[in-house]
Amino acid sequence: MALIEHTTEAPASIIRLHERDDVVIARTPLPEGTEVLPGIVLTTAVPAAHKIAIRALDSGDMVRRYGQIIGRATRPIAPGDHVHVHNLSIGDLEGAGQEQGDVKGYSKDYAIGSEVTPVERISPAATFMGIQRADGRVATRNYIGILTSVNCSATVAHAIADHFRRDVHPEAMAPYPNVDGVVALTHGVGCAVAADGEALEMLRRTLAGYARHVNFAAVLVIGLGCETNQIDALIESQGLKPGPRLHPFTIQQIGGTTKAIAEGIRHIEQLLNEANQVERTPCSVEHLRVALQCGGSDGYSGITANPALGAAVDRLIAHGGSAVLAETPEVYGAEHLLTRRAVTPAVAHKLIERIHWWEEFCRVRGASLDNNPSAGNKAGGLTTILEKSLGAVAKAGTTPLVEVLEYAEPMRERGLAFMDSPGFDPVSVTGQVASGCNLIAFTTGRGSAFGCAPVPSMKLSTNSALWRHQSDDMDINCGALIDGEIDMETLGEQIFQRFLTLASGERSRSERHGYGQQEFVPWQIGVIT
């Protein structure tokens, strides 16, 4: 548990996270000369959420935060110095791990399964007001979707969706209050890739996940007609079944753009009345699958919003629900905290394999996993990917890790899963939704603007300054933790209760702003030829 340190000169000026740490965190902007601990005076001004050395460190020494190594000092550091990109990096720690041997005293002890603890189920499970589909699945929203097989059909897809926009043509949807909307989810690929390669398979898996998604009452799939990603092959390879609720066609087949738009509008008009015949009824939380995300993270993320979300996830899973952690580059360096919670060695080794895949993926391209954190992350106090990952993993709470998924692979188990994905939020969330998530919880310290139709996305602010400055985009203020206004358990319960209200139909901030259609971004992993 974080400890806020009070001193005479600077009451509540710093946060100490672990007794083994070499650094503390500035709770507020602190001027040069501030005594942050007895005998430790700032040698320079330090921004809020940034790190301050509390011990002398030589060049090459390991530096710890959360009781874990976050990098090496690149020059001598004195107590009271600001610790950041100018004197800290991961250096030769990249690629170091248990299976690859120590690097000057650094290794990650995977300790597979050593911290698996049984989940104490809560009975009766909590409920929310969900939409039960004929196959027994439960939706949190009720949309009609338009998917595209290729970039070339994006204009037609958007023209059809625009016909049903409530802000442009309110009369088109007025008779259908139980339909949340008609959304076009388009992308920039689908052609000029290998017809039997990994890139096309991943795209098809993603599109199929959306075509099946419980939050869609029905889906149109529109192609051009001559693309590599042929719709017939997409449907056959993914086991989809065309019918009234899955209506595929191509622009070339129909006879051009105008006719294709008219066909799409005609078909949706036929679907709307039936799609509107839904009602919300009490449903068990076991039907909730929450995608866990962080974007625009800062030095507070691992102290406030991420662990508070983790506390909510523990409650969710205790009630029978599920959660999916993702962004493999943003658990890099903290994967050993997950392998310890893996229910089987196979689950742990699949995660380790994905970590090694990313190391090799970056190596052959002359890149580094330490390219993440972003510029905004660094401005917010995060220095290395190891530091960022240790805070990001906190979103997953403490429950066992039951499965590791490929990108957009359907979930099979209830509980906590990990899905392989890049750290870029739209790509990662697209994969989580394709895997079956029907709610998104997104922490941010810098103020990310994000939504993801057809799934509601809630925003958790890591600090109160962001909450005040950008409250129009935020759903919950987790900065109240460091302000001393709430404790972790109470905040975790509040977040869990917000899961239930949003899943029951209350619109999140991002939904009110209309975010969601532009954030559909399937992972483009292949060579474009």
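In what follows, residues are counted from 1 in the order of the sequence shown.
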How about [X] and [Y]: does a side-chain donor come under 3.5 Å of a side-chain acceptor?
{"X": "Thr281", "Y": "Gln132", "answer": "no"}
{"X": "Ser301", "Y": "Asn306", "answer": "no"}
{"X": "Lys459", "Y": "Ser448", "answer": "no"}
{"X": "Arg133", "Y": "Asn142", "answer": "yes"}
{"X": "Gln270", "Y": "His247", "answer": "no"}
{"X": "Gln524", "Y": "His187", "answer": "no"}
{"X": "Trp357", "Y": "Asp420", "answer": "no"}
{"X": "Gln432", "Y": "Gln293", "answer": "yes"}
{"X": "Thr140", "Y": "Asn438", "answer": "no"}
{"X": "Ser297", "Y": "Asn377", "answer": "no"}

Spatial distance of atom [atom1] ([X]) from atom [atom2] ([Y]) [nearest 0.5 Å]:
{"X": "Phe418", "Y": "Lys350", "atom1": "CZ", "atom2": "NZ", "answer": "11.0 Å"}
{"X": "His163", "Y": "Ile265", "atom1": "NE2", "atom2": "CD1", "answer": "4.5 Å"}
{"X": "Leu481", "Y": "Asn463", "atom1": "CG", "atom2": "CG", "answer": "11.5 Å"}
{"X": "Asp475", "Y": "Thr501", "atom1": "CG", "atom2": "OG1", "answer": "9.0 Å"}
{"X": "His319", "Y": "Arg121", "atom1": "NE2", "atom2": "CZ", "answer": "10.5 Å"}
{"X": "Tyr515", "Y": "Cys452", "atom1": "OH", "atom2": "SG", "answer": "13.5 Å"}

Using only atom types and a distance under 3.5 Å, with no angle test, would you say the side chain of [X] pairs donor to acceptor with the backbone of [Y]?
{"X": "Arg27", "Y": "Ile482", "value": "yes"}
{"X": "Ser504", "Y": "Met129", "value": "yes"}
{"X": "Asp483", "Y": "Ser464", "value": "no"}
{"X": "Gln470", "Y": "Gly447", "value": "yes"}

| request: Could I get the full list of salt bridge (Lys or Arg N to Asp or Glu O under 4.0 Å) partners for Asp425, not counting sequence neighbours? | output: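 None.
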| task | Verify the ring-centre separation between His287 and Phe128: is it less than 6.0 angstrom? | result |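 No; His287 has its ring centre 6.0 Å or more from that of Phe128.
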| said: Could you check whether atom CD of Glu171 has more than 12 heavy atoms from other residues, nucleotides or ligands sitting under 6.0 Å from it? | reply: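 Yes, because the 6.0 Å sphere around CD of Glu171 holds more than 12 heavy atoms from other groups.
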| Arg315 with Glu489: basic N within carboxylate O range, under 4.0 Å |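 Yes, charged N to carboxylate O under 4.0 Å.
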| said: Strictly below 4.0 Å, N to O, side chains only: are Arg341 and Glu115 in salt-bridge contact? | reply: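 The answer is no: the pair does not qualify as a salt bridge.
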| task | Not counting sequence neighbours, list each pair that qualifies as a side chain to side chain donor-acceptor pair (under 3.5 Å) and has a residue in residues 203-214. | result |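 Counting only pairs at least two positions apart or across chains, the side chain to side chain donor-acceptor pair (under 3.5 Å) contacts touching residues 203-214 are Arg204-Asn229.
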